[in-house]
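Below is one structure, written out as structure tokens, with a few remarks after it.
Because the structure is predicted, anything quoted here is derived from the model rather than measured.
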Amino acid sequence: MNAGANPGTNPGADSGTGSNARSGATPAPGSGPAPAPGSGPAPTSDPTPGPLPTPDPPSTPGPLPTPGPPPGPAPRRELRAGLPGWVLRAAITLTCAAVAGVLTAAGVEGPALVLYLLLAVVAAAIPASAAAILLVAYPAGALVFATDGTWWPGVLALVVLLHLVHVLCAYAALVPLRSRVHPEALRAPAKRFVLVQLPVLALAGLVTLLPAGRTDAPVEVIGLACALGLAAGAVLLLRRGR
């Protein structure tokens, strides 16, 4: 009988416990080290979903706009019957007759005057032909040869009449012979005709005040330079208008 033995105890229990501690056995669940401070909670594989957003209630549509009455027809403007298309050609003939009267008063006669009257008939029949250009250029040359270009009343009269011939031929070339022309359509061309003639006649009046003798050479050079400047300016304005 072993007197030093403690009855009721297992001698191998302590030795077994020590061997388990030394051999690094797996600790029991929940007995591991505590998480480091600041590392946050461990992620879970099944997070709990938050509350779903509440949808906004549907807006109540306002009252629909009441449709107005349907638009009525545009007011019609009654036009007068107008003038027949041949009126412009008749005006060309009358204006050319007035030019022929000025040429006769200036001393132009014979074949030169007959040729101009023939050009007037052709221009009245075919306004878009080259006869319209000759109607403007021919009287100026005939007046220079007949009076040496010093008969100022005839020059001023031709300035107005030949411009009118040009405008009438331009519009007669666009208007058919059997059509109608309303006087309202000629109002704007008439205004432009007056606006052009006023400064031209004023300039012609200033020219009549110049001395009849020979002009000094510096004045002629300055006048030529001004004429070239006006021509260059007109070309630039026409290009800008395109």
Please table the atom pairs, donor to acceptor, closer than 3.5 Å between any side-chain atom in residues 113-124 and protein atoms at least two apart or in another chain.
none

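No more than 12 heavy atoms of other residues, nucleotides or ligands shown are found within 6.0 angstrom of CD1 on Ile133.
Leu103 and Pro139 get closest at one heavy-atom pair: CD2-O, 3.8 Å. Of all the heavy atoms in His163 and Val196, the pair that sits closest is CE1-CG1, 3.7 Å. When all heavy atoms of Pro127 and Arg89 are compared, the closest pair comes out as CD-NH1, 3.1 Å.
Under the side chain to side chain contact (heavy atoms under 4.5 Å, CB included) criterion, Val102 pairs with Trp151, Ala157, Leu158, Leu161, sequence neighbours left out. Looking at residues two or more places apart in sequence or on another chain, you find no side chain to side chain contact (heavy atoms under 4.5 Å, CB included) involving Glu109. Partners of Val175 by side chain to side chain contact (heavy atoms under 4.5 Å, CB included), not counting sequence neighbours, listed by chain and number: Leu88, Ser179, Val181.
Here the CG-OG distance, from Leu134 to Ser129, works out to 8.5 Å after rounding to the nearest 0.5 Å. We find the OH-CG distance between Tyr138 and Leu143 to be 12.0 Å, quoted to the nearest 0.5 Å. In this structure, CG in Leu164 is found 8.5 Å from CD in Gln197, a value given to the nearest 0.5 Å.
The list of ring-ring contact (aromatic ring centres under 6.0 Å, His included) pairs with a residue in residues 81-105, not counting sequence neighbours, is empty. Residue pairs meeting the ring-ring contact (aromatic ring centres under 6.0 Å, His included) criterion with at least one member in residues 216-235: none, sequence neighbours excluded.
Side chains of Leu162 and Leu135 form no contact here, defined as non-hydrogen atoms less than 4.5 Å apart. Contact annotation: the side chain of Leu203 never approaches that of Pro199 to less than 4.5 Å [non-hydrogen atoms, C-beta and beyond].
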Exercise for the section: Begin from the C-alpha positions of Leu83 and Arg180 and carry the test side chain to side chain contact (heavy atoms under 4.5 Å, CB included) through to its verdict. Expected result: CA-CA 5 Å; Leu83 305 174; Arg180 309 289 294 184; 6.0 Å; no
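Under the 4.5 Å side-chain contact rule for hydrophobic residues, Val87 and Tyr171 do not share a cluster. In the hydrophobic clustering of this structure, Leu186 groups with Val160; members are Ile, Leu, Val, Met, Phe, Trp, Tyr whose side-chain heavy atoms approach within less than 4.5 Å, directly or through other members.
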